[in-house]
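In what follows, a structure is listed as structure tokens, so that the remarks can point back to it.
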Amino acid sequence: DLEAVFGDVGPGQDGPRHYAKKAFGPLSHYWHNYAPSQIRELCAPPSVLSIEAVAARWEKSGLADGFAGTTLALMDARAFVVFAGECFRFGLVVSGRVALSAVEAS
């Protein structure tokens, strides 16, 4: 349950980089142990860098409808679930680009 993971992460007070470092362990643990197999098969596992990229975008705009203006410092468990989904979606984009590059290189 990603809302429970938020209890290990909490809101971010110190900016995207610090938040990514704080969120990496719990999100990685979730990805490896609880995420549906479809997510694990399609998406790269979260990394500090990918979480930071999503956190930086989130900090600027809230990313998702209904969460505009919800900065990292104001994040709650419900917003964290959406944030984690954005991290996994970013992992899907990264995985897709890596696969495309591998095809183009061969």
Side-chain angles (χ1 to χ4, degrees):
D1 177 8
L2 280 169
E3 286 190 15
V5 173
F6 178 73
D8 296 331
V9 179
Q13 302 294 332
D14 300 320
R17 178 165 294 194
H18 183 266
Y19 195 72
K21 290 178 182 178
K22 190 164 102 171
F24 170 72
L27 274 180
S28 181
H29 178 77
Y30 175 85
W31 188 91
H32 287 287
N33 296 292
Y34 303 109
S37 60
Q38 299 91 332
I39 290 176
R40 290 191 313 271
E41 290 171 7
L42 294 174
C43 301
S47 68
V48 173
L49 185 59
S50 66
I51 296 168
E52 182 181 353
V54 174
R57 287 181 47 222
W58 186 281
E59 189 71 359
K60 288 182 182 175
S61 65
L63 278 186
D65 292 339
F67 294 98
T70 304
T71 62
L72 297 174
L74 298 175
M75 190 175 290
D76 61 11
R78 195 169 74 90
F80 182 78
V81 170
V82 175
F83 174 81
E86 293 294 331
C87 290
F88 297 142
R89 185 184 343 217
F90 187 70
L92 177 62
V93 169
V94 169
S95 295
R97 289 189 177 168
V98 168
L100 182 61
S101 294
V103 168
E104 290 173 351
S106 58

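Side-chain atoms are counted along with the backbone in the values below, which use heavy atoms only and exclude waters and symmetry mates. Predicted model, so just to flag it, every value in this text is computed and none were measured. Numbers for residues simply follow the sequence, beginning at 1.
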Value rounded to 0.5 Å, distance of [atom1] in [X] from [atom2] in [Y]:
{"X": "Phe80", "Y": "Cys87", "atom1": "CZ", "atom2": "SG", "result": "7.5 Å"}
{"X": "Phe83", "Y": "Leu27", "atom1": "CZ", "atom2": "CG", "result": "7.0 Å"}
{"X": "Trp58", "Y": "Met75", "atom1": "CH2", "atom2": "CE", "result": "5.0 Å"}

Going by side chain to side chain donor-acceptor pair (under 3.5 Å), name the residues that satisfy it together with Arg89, two or more places apart in sequence or in a different chain.
Glu86

For His29, which residues count as a side chain to side chain donor-acceptor pair (under 3.5 Å) partner, sequence neighbours excluded?
Asn33

Taking NE2 in His32 as the centre, count heavy atoms belonging to other residues, nucleotides or ligands within less than 6.0 Å. Is the count above 12?
yes

Consider only side-chain heavy atoms of I, L, V, M, F, W and Y, link residues closer than 4.5 Å, and tell whether Tyr34 and Phe6 are in one cluster.
yes

Using the rule that Ile, Leu, Val, Met, Phe, Trp and Tyr join whenever any side-chain heavy atoms are under 4.5 Å apart, tell me whether Phe88 and Leu42 fall into a single cluster.
no

Minimal non-hydrogen separation, [X] against [Y], with atom names:
{"X": "Leu92", "Y": "Cys43", "answer": "CB-SG, 3.7 Å"}
{"X": "Ala73", "Y": "Pro11", "answer": "O-CB, 3.3 Å"}
{"X": "Pro26", "Y": "Val5", "answer": "CB-CG1, 3.5 Å"}
{"X": "Val81", "Y": "Glu3", "answer": "CG2-CG, 3.4 Å"}
{"X": "Trp31", "Y": "Ala44", "answer": "NE1-O, 3.9 Å"}

Applying salt bridge (Lys or Arg N to Asp or Glu O under 4.0 Å) as the test, list every pair that has at least one member in residues 15-43; sequence neighbours left out.
Arg17-Glu52

Pairwise side-chain contact, Thr71 with Leu74, heavy-atom cut-off 4.5 Å (strictly under)
yes

